[in-house]
Amino acid sequence: MLSIKQMDTIMSFILALGTLFSLLLVMTGGGLYLLQHGNEMMNTESLQTTIYPFFSPLGMIKSGLVALIATQILRIGLLVWFYAVLRDYRFTFISFFILAVLLYSSFLRN
Amino acid sequence: MTILAFSALLFLFSILAGLLGALTGLGGGVIIIPVLVMLFDVNIHYAMGASLISVIATSSGSQAAYIREGYTNLRIGLFLETAAVVGALVGALFIAIVSKTFLTILFSLVLFCSAYLTIKREERDDKNAAPHPWAVALKLNGTYPQKNLTLSYQVQNVPLGFFIMGIAGLVSGLLGIGSGTLKVLAMDQALRLPYKVATTTSNFMIGITAAVSAGIYFSYGYIIPALAFPVMLGVITGAFIGAKWLTRIHTRTLRLIFSIVICLLGLQMLYKTLWGTL
């Protein structure tokens, strides 16, 4: 049975780790992108139509962005667990509701 | 300009956005969108996408510092966030239907009201004010550090705060911002929270609201990696610096900066909407 302080520390640590991971992906992808394309002219018209495979610099940046959002989802997931352990069922429900909306929005496809 | 120059310039503006975001509880998104649209000539939908990423990044970047400082009230944040996420979902889905012109004008007006209310607010002694029954039931009251003391506060007008949060979520989904302005307003004016508690709790909340909107924007294809990467990196840098300064800046100064910034932004948006380029 973990204390509140311990759970708090775990949550902060996981949140920081997730954000850091996302940051690393974005920085690496961004750096590679600039190395490969830095001297090309920026074309703000063709931004959406630029196709990039998963293993390209832009694909890496995109993975980092997905990780950023996933970290938020993870944070709420941890809070559901946190309040469930504390037997605070009102806030377990509140956190769970937010988690449900987050998951719904992430997986909704037109 | 070259991709390198574009990214570097965008990075610098994003640092500024992140700094202001961490200091005032705004997400910086309200700075990113006008900069991208007016200065860099980017389609507003992609600007909105980049703005949302910056909001999540600001929230993540500075949250680590805040929670340990003891200002953020997690329970209030989570409770109110239930209204905000529903609003964000509805707002993001409504993008196709609602007129942007009407929204931006409405948004400008909200900014002006916020600026006015923020400066007008006098220091008051709420310590003996009765908390709202919902606040008692959910144990929303809290404490925060002030120099070497720990001060406590009570929470009032919860339903009103809840309603405003719903609107804040709606605006976040529709305009691609974090709605930190409205959130701080709701917590400061309706709930009567101490200002720094309001701004830090807002910072916690905007990340979640923006994540809901971002999920949907991804499916629309509005999130562009080439734009998002300088924005995200710049904003995190600025937010990190800003979070360090927060404890050293006096609340009154913060409020003044906040009011001036959003007044200028409101004027800017109004101008653009009425005279053409939005």
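Proteins come first, then strands; the chains are lettered A, B, ... in the order of their sequence lines, and each starts at number 1. In this text, all values refer to a predicted model and were calculated from it rather than measured experimentally.
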Practice item. Can you tell which part of A:Glu40 gets under 4.5 Å to a heavy atom of chain B, answering side chain, backbone, both or neither? Key: both
Exercise for review: Give a yes or no on whether B:Phe40 atom CZ has more than 12 heavy-atom contacts from other residues, nucleotides or ligands under 6.0 Å away.
Suggested key: yes
Point to revise | Closest contact, heavy atoms only, B:Leu74 versus A:Leu79 | key: CD2-CD2, 3.7 Å
Check your understanding: With only heavy atoms counted, which part of B:Thr82 is less than 4.5 Å from chain A, the side chain, the backbone, both or neither?
Key -> both
Point to revise | Results of side-chain contact (heavy atoms from CB on, under 4.5 Å) for A:Thr92 - residues two or more places apart only | key: A:Val80, A:Tyr83, A:Ala84, A:Tyr89
Check your understanding: Going through the checks in order, is the side-chain contact (heavy atoms from CB on, under 4.5 Å) test met by B:Phe218 and A:Leu65?
Key -> CA-CA 10 Å; B:Phe218 254 118; A:Leu65 299 177; 4.0 Å; yes
Revision key, fill the gap. Scanning both residues in full, the closest heavy-atom pair of A:Phe91 with B:Arg75 reads CE2-O, 3.2 Å
Review point. By a 4.5 Å heavy-atom criterion (distance strictly below it), what part of A:Leu103 contacts chain B: side chain, backbone, both, or neither?
Key: neither
Point to revise | Non-hydrogen atoms of A:Ser105 and B:Leu89 that approach each other most closely | key: CB-CD1, 3.7 Å
Revision key, fill the gap. Closest non-hydrogen atoms of A:Leu68 and B:Ser60, given as atom of the first, atom of the second and distance, are CD1-OG, 4.1 Å
Practice item. Considering non-hydrogen atoms only, spot the tightest contact between A:Tyr33 and B:Ala226 and give its length. Key: OH-CB, 3.5 Å
Check your understanding: Going from CG on A:Leu25 to CE on B:Met232, what distance comes out if it is rounded to the nearest 0.5 angstrom?
Key -> 9.0 Å
Review point. Looking at B:Leu78 and A:Ser95, what are the two nearest heavy atoms and their distance?
Key: CD1-OG, 3.9 Å
Check your understanding: What part of A:Ser22 is in contact with chain B, defined as an atom under 4.5 angstrom from a non-hydrogen atom: side chain, backbone, both or neither?
Key -> both
Study note, to complete from the structure: When the 4.5 angstrom heavy-atom criterion is applied to B:Tyr217 and chain A, the contacting part is neither
**Study point:** side chain to side chain donor-acceptor pair (under 3.5 Å) partners for A:Asn39, two or more places apart
**Key:** none
Check your understanding: About how many Å separate CG of A:Leu34 and CD1 of B:Ile3, when rounded to the nearest 0.5 Å?
Key -> 8.0 Å
Practice item. Answer yes or no: are there more than 12 heavy-atom neighbours, outside B:Phe162 itself, under 6.0 Å from its atom CZ? Key: yes
Practice item. Assess whether side-chain contact (heavy atoms from CB on, under 4.5 Å) is satisfied between A:Leu23 and B:Leu233, documenting all intermediate values. Key: CA-CA 8 Å; A:Leu23 249 179; B:Leu233 298 179; 3.4 Å; yes
Exercise for review: Apply the test side-chain contact (heavy atoms from CB on, under 4.5 Å) to residues A:Arg75 and B:Phe204: give CA-CA distance (whole Å), side-chain angles for both, the deciding distance (0.1 Å), then the verdict.
Suggested key: CA-CA 11 Å; A:Arg75 164 158 57 174; B:Phe204 161 69; 3.5 Å; yes
**Study point:** Side chain, backbone, both or neither of B:Leu52 within contact of chain A (heavy atoms, under 4.5 Å)
**Key:** neither
Study note, to complete from the structure: Applying a strict 4.5 Å limit to non-hydrogen atoms, the region of B:Phe6 in contact with chain A is side chain
Revision key, fill the gap. When the 4.5 angstrom heavy-atom criterion is applied to A:Ile73 and chain B, the contacting part is neither
Practice item. Kindly compute the distance separating CD1 (A:Ile69) from CD1 (B:Ile53), expressed to the nearest 0.5 Å. Key: 5.0 Å
Exercise for review: Kindly indicate, with the supporting measurements, whether the criterion side-chain contact (heavy atoms from CB on, under 4.5 Å) is fulfilled by B:Leu93 and A:Leu108.
Suggested key: CA-CA 10 Å; B:Leu93 291 175; A:Leu108 192 67; 3.7 Å; yes
Exercise for review: Would you give the length of the straight line joining atom CD1 of B:Ile236 to atom OG1 of A:Thr19, rounded to the nearest 0.5 angstrom?
Suggested key: 7.0 Å
**Study point:** Between OG1 on residue A:Thr28 and CZ on residue B:Phe229, distance to nearest 0.5 Å
**Key:** 11.5 Å
